[in-house]
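Just so you know, residue 1 is the first one in the sequence shown, and it goes up from there. Just so it is clear, the structure is predicted and the values come from calculations on it, not from any experiment.
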Amino acid sequence: MCSLKPYTLKCLKQSVHIEDVDPSCVMSLPSEICSINLLTVQSEDLKLIKNKFSFDCFGSAEVSGFVGWFKVSFPKETILSTSPYDSPTHWHQSLFYIDDHITTKQSDVISGSITIKPNAENCRFLDIQLVYSYNGSKETEKLYSLADFL
């Protein structure tokens, strides 16, 4: 079975995982990827979402991926948040595992960009490209899929 482990890990790291993330495992402050006004958004606005990010790391740790969540503001100051810092919801968080762990220390910087677009074959699915570097090192590109079978 050990011969299947590398292949299994590779397959697991190609998909976005939907699960609860312990807030103590988050190694930086959040970086907003996009802001969408639900009252004015058009379908064309959602065909490509792309933004840069930069994180200053807390303490020393092994970083094994990136975590994403959303927050929606409703009238009367009602907020729905799927942040690991807020009460759990059935949406959980989106976890993007990376191939090689990054060993970080206080104030190290992980920066890059994320591109999100509907899958060409099924618009309910998403294709996500993550490009990142650690302290200005060579960029790493990782492709993910987000589909219904999660």
Review point. Stepwise, does the side chain to side chain contact (heavy atoms under 4.5 Å, CB included) test hold for S28 with D56?
Key: CA-CA 6 Å; S28 75; D56 292 332; 5.9 Å; no
**Study point:** Audit row: I110, D108, side chain to side chain contact (heavy atoms under 4.5 Å, CB included) steps and yes/no
**Key:** CA-CA 7 Å; I110 300 174; D108 282 350; 5.9 Å; no
Practice item. Determine whether the side chains of Q129 and E141 contain a donor N or O and an acceptor N or O closer than 3.5 Å. Key: yes
Exercise for review: Examine distances only and state if a side-chain atom of N51 and a backbone atom of I33 form a donor-acceptor pair shorter than 3.5 Å.
Suggested key: yes
Revision key, fill the gap. Separation between OG (S111) and NZ (K52), nearest 0.5 Å, reads 9.5 Å
Review point. Roughly how far, to the nearest 0.5 Å, is the CG atom of L126 from the OG atom of S94?
Key: 9.0 Å
Practice item. Determine the minimum heavy-atom distance between K47 and P118, stating which atoms define it. Key: O-CD, 3.4 Å
**Study point:** Close side-chain approach of I98 and T140, heavy atoms under 4.5 Å
**Key:** no
**Study point:** Y134 side-chain N/O to T103 backbone N/O, donor-acceptor pair under 3.5 Å
**Key:** yes
Practice item. Tell me, please, whether Y144 has K142 positioned over its six-membered ring: NZ or CZ under 6.0 Å from the ring centre and within 45 degrees of its axis? Key: yes
Exercise for review: Indicate whether the side chain of S137 and that of N135 have a donor and an acceptor atom separated by less than 3.5 Å.
Suggested key: no
**Study point:** Heavy atoms from other residues, nucleotides or ligands near CD of E121 exceed 12 (cutoff 6.0 Å)
**Key:** no
Point to revise | Atom of C25, atom of V21 and distance for their closest heavy-atom approach | key: CB-CG1, 4.4 Å
Check your understanding: Would a distance-only check, ignoring hydrogens and angles, find a side-chain to backbone donor-acceptor pair under 3.5 Å from T104 to A61?
Key -> yes
Check your understanding: Should the heavy atoms of other residues, nucleotides or ligands under 6.0 Å from CD of E44 be counted, would the total exceed 12?
Key -> no
Revision key, fill the gap. Rounded to the nearest 0.5 angstrom, the CD1-CE distance for I102 and M27 is 11.5 Å
Check your understanding: With a 4.5 Å limit on heavy-atom distance, are the side chains of S31 and S54 in contact?
Key -> no
Check your understanding: Looking at P84 and V26, what are the two nearest heavy atoms and their distance?
Key -> CG-CG2, 4.0 Å
Check your understanding: Can you get from V109 to F58 by hopping between Ile, Leu, Val, Met, Phe, Trp and Tyr side chains that sit under 4.5 Å apart?
Key -> no
Review point. Would you say I36 and D45 make side-chain contact, with heavy atoms under 4.5 Å?
Key: no
Check your understanding: Aromatic rings F70 and W91: how do their planes relate, parallel, tilted or perpendicular, breaks at 30° and 60°?
Key -> perpendicular
Exercise for review: Mind listing the closest non-hydrogen atom pair of T82 and H92 along with its distance?
Suggested key: CB-O, 3.3 Å
Practice item. Verify the neighbour count for atom CD of Q42: are there more than 12 heavy atoms of other residues, nucleotides or ligands below 6.0 Å? Key: no
Check your understanding: Roughly how far, to the nearest 0.5 Å, is the CD1 atom of I116 from the SG atom of C34?
Key -> 6.0 Å
Practice item. State, yes or no, whether a side-chain contact exists between I18 and L95 at a heavy-atom distance under 4.5 Å. Key: no
Check your understanding: Counting only heavy atoms not in N122, do more than 12 fall under 6.0 Å of its CG?
Key -> yes
Check your understanding: Should I49 and V72 be regarded as members of a common hydrophobic cluster, given that ILVMFWY residues are connected when their side-chain heavy atoms come within less than 4.5 Å of each other, either directly or indirectly?
Key -> yes
Check your understanding: With Y132, which of F53, F55, F66, F96 fulfils ring-ring contact (aromatic ring centres under 6.0 Å, His included)?
Key -> F66
Exercise for review: Evaluate side chain to side chain contact (heavy atoms under 4.5 Å, CB included) for D127 paired with L143, printing each intermediate quantity in order.
Suggested key: CA-CA 7 Å; D127 294 330; L143 302 175; over 6 Å; no
Review point. What distance separates E139 CD from L130 CG, expressed to the nearest 0.5 Å?
Key: 10.5 Å
Practice item. Quick one: closest heavy-atom pair of S81 and T89, and the distance? Key: O-CG2, 3.7 Å
Practice item. Could you walk me through whether T115 and L48 pass side chain to side chain contact (heavy atoms under 4.5 Å, CB included), step by step? Key: CA-CA 7 Å; T115 303; L48 179 70; 3.4 Å; yes
Study note, to complete from the structure: Minimal heavy-atom distance between C57 and K105, with the atoms involved, is CB-O, 4.0 Å
Point to revise | Heavy-atom side-chain contact between K71 and L80 under 4.5 Å | key: no
